Number of protein chains: 2
Amino acid sequence: MGTTQLETVPEPKYWHLKTVLSDALDSEFAVGEILPNERDLAARFGVARATLRQALEQLELEGRLQRRRGVGTTVAPPRVGVAVDPVRHTWPGAAGDDWQPVDAVESDAVPAAVAGLLATAPGDPVHVVRRSRVTHGRPVATELLYVPAAAVPGWAPAASLSAPARARAVLHELQTLELDGQDRTVELGSARAEDARELDRLPGAPVLVVTTRYVSGGRTAAVAVSTYRADTCRLTFGESDAVALLAG
Amino acid sequence: MGTTQLETVPEPKYWHLKTVLSDALDSEFAVGEILPNERDLAARFGVARATLRQALEQLELEGRLQRRRGVGTTVAPPRVGVAVDPVRHTWPGAAGDDWQPVDAVESDAVPAAVAGLLATAPGDPVHVVRRSRVTHGRPVATELLYVPAAAVPGWAPAASLSAPARARAVLHELQTLELDGQDRTVELGSARAEDARELDRLPGAPVLVVTTRYVSGGRTAAVAVSTYRADTCRLTFGESDAVALLAG
DNA sequence: CAGTGGTCTAGACCACGAA
DNA sequence: TCGTGGTCTAGACCACTGA
């Protein structure tokens, strides 16, 4: 990697630095390779460490770098494609989805945005199922699945079950319903402390939040809020899931 | 908004600050209202301006705030839902999509990632159509649509056409083909300088990049790379586009 | 012009991981 | 224990907006 001097252009230093580093990553580094530490890099480019970090942050956001405290900065592999809807038009937990049930609790206080989608009143009991998703041995997403108790009337999980079994029981109960349709939104968010722990990231890390609404009998029978690591994931949709993408 | 003192917890100051500000936005500010300037806010919370900015950046990323140089920081309206596929299984430019053609050029150098999807060799001519998308009077997305000249053989736009007309001509030519299917990926990116100008943001602003591959006759006939403002947009998919979402 | 957010500096200390 | 990235400070100057 060169030590090109930065000219006095109106372009911000960190922006220029980012493109220089990006080119160097393409041409002079292999995936997994460790970069020099931030203090050395900053000195080499003649900028303050904070300025260098601004460039590194951008590259990490774009999935080009991976930084770990106490370890260093490494060149990230290309983003993994993650199918958001591997089995079309099925309930969560149907055969073929690769989510792992974690646990399930009954709650009467769900986030306002979710309550709006579920059309539940404050205080209405809701089953909350936690699931996580692992691809290539790495955690890529966590999910909270909200099922109003009213959607599965006359049913309650046996208290004796283990946490994952309780989650599976709720999912199993969903399969008995008719699924009329579903819709979905994707937006940018930042990882809550809990998600961050699960995803092996720092709190506030950028995530892609996928909100899926499942409709049954004209009502919203479930809402899933899935949180994907934005740095390492590329969400895939569509008929053929085998999308062969080259790196950017 | 209070001036709650920050305790000496292991939680980072900017993180705590973010939650305090977030609560204040919910309870004490109306959409469009102007916040105190950064120097005042920092003083009020007893932190350095850089630390305050770290909190504001997070809130802007989440679409809660909007900052404009020379103007100030305002409370952002809820994200607008933008239908990614308003008319299912049609070519871009079909009746009903709300993209505006901007211009079209012929290029023989497309990004490597796009060339990989198109399965074109370096140097193969490709029509590149620029489009932009406006919702509620605000620009929300820009798009580059790549159509290999080989996909519309024996056709070339008349040189006399205006830029938008040339774009429309390419799109019109696509409609004559049979559309076998399409697939799509969504990932996080940062705005290139050109996108940023178009989207009224600074370079490097977070964007959602939607890559759509259109298949015709067993080959990839077109690839669209659409760049949506991540701060103001929520992408919507699915059967019913009328998803009524409450704010987070 | 004054006031805003955007960039940049040169330090300091902390939390974490690995040896 | 040492080296890493993460947090934080107190300043400075710049670029842009609007009156």
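It should be emphasised that the depicted structure is a prediction, and the values quoted were computed from it without experimental measurement. Every chain is numbered from 1 and lettered A, B, ... according to where its sequence line falls, protein lines coming before strand lines.
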If you check every side-chain atom of [X], which of [options] has the closest atom?
{"X": "B:Glu38", "options": "C:dG6, D:dG5, C:dC8", "result": "C:dG6"}
{"X": "B:Arg49", "options": "D:dT9, D:dT7, C:dT7", "result": "C:dT7"}
{"X": "A:Ala48", "options": "D:dT7, C:dA10, D:dA10", "result": "C:dA10"}

Establish, with yes or no, whether the OP1 or OP2 oxygen of [N] is under 4.0 angstrom from a side-chain nitrogen or oxygen of [X].
{"X": "B:Thr51", "N": "D:dT7", "answer": "no"}
{"X": "A:Thr73", "N": "D:dT4", "answer": "no"}
{"X": "A:Asn37", "N": "D:dT4", "answer": "yes"}

Take the protein atom [atom1] of [X] and the nucleotide atom [atom2] of [N], then report the distance between them rounded to whole Å.
{"X": "B:Arg67", "N": "D:dT17", "atom1": "CZ", "atom2": "P", "answer": "16 Å"}
{"X": "A:Lys13", "N": "D:dA12", "atom1": "NZ", "atom2": "P", "answer": "18 Å"}
{"X": "B:Arg39", "N": "D:dC14", "atom1": "CZ", "atom2": "C1'", "answer": "11 Å"}
{"X": "A:Tyr14", "N": "C:dG5", "atom1": "OH", "atom2": "C1'", "answer": "12 Å"}
{"X": "A:Leu17", "N": "C:dT7", "atom1": "CG", "atom2": "P", "answer": "13 Å"}
{"X": "A:Arg68", "N": "C:dC16", "atom1": "CZ", "atom2": "C1'", "answer": "12 Å"}

(message) For C:dG3, does the base pair up with any side-chain atom of B:Arg69 as donor and acceptor (N or O, under 3.5 Å, distance only)?
(response) no

(request) For the residue pair A:Phe237 and B:Phe237, categorise the inter-ring angle as parallel (less than 30°), tilted (30 to 60°) or perpendicular (more than 60°). (result) parallel

(message) Classify B:Leu56 by what it touches in the nucleic acid, base, sugar-phosphate, or nothing, heavy-atom distance under 4.0 Å.
(response) nothing

(message) Any donor-acceptor pair under 3.5 Å linking the side-chain atoms of B:Thr73 with those of B:Arg67?
(response) no

(request) Verify the neighbour count for atom CD1 of B:Ile34: are there more than 12 heavy atoms of other residues, nucleotides or ligands below 6.0 Å? (result) no

(request) Please report the shortest heavy-atom distance between A:Cys233 and A:Arg79, naming the atom on each side. (result) O-CD, 3.4 Å

